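To start, the structure itself, in structure tokens.
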Amino acid sequence: MDKKINLGEYFNKIANKNKKKIAVNFLNNTKINFNTLNKKSNSISNWMKKKQVKPNDRICILSNKNEFVFFVLIACLKVGAAYTVLDKDNPDQRNLNIIKTLKPKFVFSTINYKGKIKKLKKFIALNQLIKITQEVSSVYTNKRFSQNTLAYNMFTSGSTGEPKGVSITHKNLFNFIRWVKTEYKINTKDIFSNLNGLHFDNSIFDIFGGLFNGITLISVNKEELLDPKIYFKLTKKFKITTWFSVPSLLIYFMNFQAVNKKNFSSYKRVIFGGEAFPKKNLQRLFKIICKSTNIFNVYGPTECTCICSNYKISKFDFSKKEIKKYAPLGRKMIKKFKFYILNKNKKSNFNEKGELILCGENVGKGYYNNIIETKKRFVQNPFVNNKKDIVYKTGDIVYQDRKSRLIYFVSRLDNQIKYMGHRIELDEIEKAINSLKNIRRGLVTFGKKNNIKEITGWVTTLNKNENKIKEELSKILPNYLIPSRINYLKKIPVNNNGKIDKLKISSSYYD
């Protein structure tokens, strides 16, 4: 790809090659082709230019998935403005805090919205947006700007703390677009699902891996995923070839008995990432669809443009030795990406745990308007002295196996606790709980209950026998790792990104 070209110019070329091809199909039978998407985004970008929107300015989009959010998103890339999609289901105050951090030129609404944000002077309501797409010229006006210009600011889910806005550039995304096409052997007949909220970084795979490779998206809102039967009617109708989501959604569908050979017959690839996939559930999935569908575990922080590594699941992962581990991240990172595993600022040896450090073309710019947090995590490469080389400290504890060279996730730095004199990784306990036969899903939290610190297990199961669960855990874990108590949940709560919401559980339970 031309190093001078930006994503707006690139999309214009893709759209002109695929004018009549459907770009996005929605469940309500609305569909837009690449030509319409290109022209409507031209109208909005031309309006933005008249309003003096410049490269690296910020634009917020309050939205559900509909054609207008895609129009505005592409328009932002054409003028060099960094987009941020605001989740319509967020409390207004959270979205207002994001707006305060970004200080956007405009806040576009692609839904009929009547909340507090509407009072902002820079608010552009849906009826105004429709008028812009109808009345402003749809002729493409080329605008040249550097690939180092921001493409989006993606706010972290907040499941483990205060959300931060991750800044990603056009250059970061070009490397990602190329990699997706090559790694998964994407061709013009592929159809991608768009299951992920556009405020969530898994959507980057759908938009940039899909649309920017000339691929059709089948866009589904989260309300429309509640009934798996409806979704799989879509699969059959459109012959979707590519699934990408967090493991929680696949497990949800499995619990509804919706994951079967027939429903997944059109899929070439099922890709999951964003959280660990309990091995027992992954094995169920593998047995059902492995003959016709390739299954991939991908890893990558939001700070490094969605995906940094890719690993194809095979029978090896369910062998006696491997069944107790999470699926590996792979043997290396994606093209033009490197990694270090550091233990006390020195490179770890094989089989030695350490923090994963990522470096390469996918490392983002940092956290928008948050210098303190940026300096903590985006640091100079400790092994490069002669030039600026910023790397990202993931906070993920991993190790690389000496024999296989596979990289395994162990835990989070911020998920380590000190309890009864022991340094404990809560992920180790979760793995053990999820390996038990009658547990559908399990997780672990740590906090003070009645002024006493405790490790607490939370499970969904039909067999509510706490003593039996603890007895089974004692065969796997030492006594100090067994939770003080096991609590039962009808359903594991998830946040708006589909990830397990531990904060919701902890805040209502502990002192």
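Reckoned from all heavy atoms, side chains included, excluding hydrogens, waters and symmetry mates. Throughout, numbering of the chain's residues begins at 1 and tracks the sequence. Keep in mind that this is a model prediction, so the values were computed, not measured.
Taking the side chain as every heavy atom from C-beta outward, Glu223 and Asp89 approach each other to under 4.5 Å. Ser309 has its side chain out of reach of Ile407: every pair of non-hydrogen atoms, C-beta onward, lies at least 4.5 Å apart. Between Val246 and Val494, every side-chain heavy-atom pair lies at or beyond the 4.5 Å cut-off. In this structure, the side chains of Leu102 and Tyr368 come closer than 4.5 Å at one or more pairs of heavy atoms. In this structure, the side chains of Phe71 and Thr110 stay at 4.5 Å or more apart for every pair of heavy atoms. Residues Phe232 and Lys262 are not in side-chain contact: their nearest non-hydrogen atoms beyond the backbone lie 4.5 Å or more apart.
Distance CG/Asn297 to OH/Tyr326: 11.5 Å, rounded to 0.5 Å. To the nearest 0.5 Å, the span separating CG on Asn46 from OH on Tyr140 amounts to 10.0 Å. To the nearest 0.5 Å, atom NZ of residue Lys88 and atom CG of residue Asn221 are 7.0 Å apart. To the nearest 0.5 angstrom, Glu224 atom CD is 11.5 Å from Tyr231 atom OH. Summarising the geometry, atom OG1 belonging to Thr242 is positioned 10.5 Å from atom CG belonging to Leu217; distances are rounded to the nearest 0.5 Å. Atom CG of Asn95 sits about 4.5 Å away from atom CG of Asn90, to the nearest 0.5 Å.
Between Val166 and Glu303, the shortest heavy-atom contact is CG1-CA, 3.4 Å. Taking all atoms of both residues into account, the shortest heavy-atom contact from Asn64 to Ile111 is N-CG2, 3.5 Å. Closest non-hydrogen pair, Phe286 versus Ile295, comes out as CA-CD1, 3.8 Å. Residues Phe34 and Ala15 approach most closely at O-CB, 3.7 Å, considering heavy atoms. Contact detail for Ile99 and Val107: the closest heavy-atom pair is CD1-CG2, 4.1 Å.
By the salt bridge (charged side-chain N to carboxylate O under 4.0 Å, His left out) test, Lys393 pairs with no residue at all, sequence neighbours left out. Listed by chain and number, the residues in a ring pair (Phe, Tyr, Trp, His ring centres under 6.0 Å) with Phe339 amount to none (sequence neighbours excluded). Legend: residues meeting salt bridge (charged side-chain N to carboxylate O under 4.0 Å, His left out) with Glu9, ordered by chain and number and at least two apart, are Arg144.
Within the structure, every pair that satisfies the ring-ring contact (aromatic ring centres under 6.0 Å, His included) test and touches residues 36-57, not counting sequence neighbours, is listed here: Trp47-Phe106, Trp47-Phe108.
Judged by distance alone, the side chain of Asn172 and the main-chain N or O of Val363 form a donor-acceptor pair under 3.5 Å. In this structure, Arg331 contributes its side chain and Gln400 its backbone to no donor-acceptor pair below 3.5 Å. Remark: side-chain polar atoms of Ser45 are not paired, donor with acceptor, to backbone N or O of Lys78 under 3.5 angstrom. A donor-acceptor pair under 3.5 Å links the side-chain atoms of Ser41 to the main chain of Asn38, judged by distance alone. In terms of modelled atom types and a separation under 3.5 Å, the side chain of Lys103 and the main chain of Arg58 share no donor-acceptor contact. A donor-acceptor pair is defined here as one N or O able to donate and one able to accept, closer than 3.5 Å; no such pair exists between the side chain of Asn255 and the backbone of Tyr252. The closest donor-acceptor contact from the side chain of Thr394 to the backbone of Asp396 lies under 3.5 Å. Judged purely by atom type and a 3.5 angstrom limit, Lys65 uses its side chain to pair as donor or acceptor with the backbone of Asn194.
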Chi angles and distances behind the side chain to side chain donor-acceptor pair (under 3.5 Å) call for Thr235, Tyr267: CA-CA 9 Å; Thr235 290; Tyr267 285 91; 3.0 Å; yes
Evaluation steps, ring pair (Phe, Tyr, Trp, His ring centres under 6.0 Å), between Phe176 and Phe208: CA-CA 8 Å; Phe176 182 75; Phe208 294 97; 7.6 Å; no
Evaluation steps, side chain to side chain donor-acceptor pair (under 3.5 Å), between Ser203 and Asn196: CA-CA 5 Å; Ser203 69; Asn196 305 291; over 6 Å; no
Tyr367 and Phe378: CA distance, side-chain angles, deciding distance, ring pair (Phe, Tyr, Trp, His ring centres under 6.0 Å) verdict: CA-CA 9 Å; Tyr367 301 114; Phe378 293 83; 5.4 Å; yes
Please set out all donor-acceptor pairs under 3.5 angstrom arising from side-chain atoms of residues 118-138, sequence neighbours excluded.
from	atom 1	to	atom 2	distance (Å)
Gln128	OE1	Ala125	N	2.9
Thr133	OG1	Ile130	O	2.7
Ser137	OG	Val139	N	3.2

Expected list for residues 16-23: side-chain donor-acceptor pairs under 3.5 angstrom, two or more places apart:
from	atom 1	to	atom 2	distance (Å)
Asn16	ND2	Asn12	O	3.1
Asn18	ND2	Ile14	O	2.8
Lys21	NZ	Thr188	O	2.9
Lys21	NZ	Gly214	O	2.7

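Ring planes of Phe174 and Tyr10: perpendicular class, angle over 60° (limits at 30 and 60°). Taking the six-membered ring for Trp and thresholds of 30 and 60 degrees, Tyr184 and Phe296 have ring planes more than 60 degrees apart, a perpendicular arrangement. Relative ring orientation between Phe145 and His170 is described as perpendicular, the plane-to-plane angle rising above 60° on a 0-90° scale split at 30° and 60°.
Paired with Val79 under the rule side-chain contact (heavy atoms from CB on, under 4.5 Å), one option of Asp57, Asn6, Thr149, Val53 passes, and it is Val53. When Ile74, Leu62, Ile61 are each tested for a side-chain contact (heavy atoms from CB on, under 4.5 Å) with Val69, only one passes: Ile61.
Other residues, nucleotides and ligands contribute over 12 non-hydrogen atoms within 6.0 Å of the CG atom of Asn28. The 12-atom threshold is exceeded at NZ of Lys268, counting heavy atoms of other residues, nucleotides or ligands nearer than 6.0 Å. Within a 6.0 Å radius of NZ in Lys171, no more than 12 heavy atoms belonging to other residues, nucleotides or ligands are found. In Lys105, the NZ atom is crowded: over 12 heavy atoms of neighbouring residues, nucleotides or ligands sit closer than 6.0 Å.
Checked against the 6.0 Å centroid threshold, Phe272 and Phe277 count as a close aromatic pair. When ring centroids are compared, Tyr299 and Phe409 stay outside the 6.0 Å threshold. Aromatic ring centroids of Trp243 and Phe264 lie under 6.0 Å apart. No close placement of the Phe256 and Phe253 rings is indicated, their centers lying 6.0 Å or farther apart.
Using a cutoff of 4.0 Å between basic side-chain nitrogens and carboxylate oxygens, Asp190 and Lys181 are not scored as salt-bridged.
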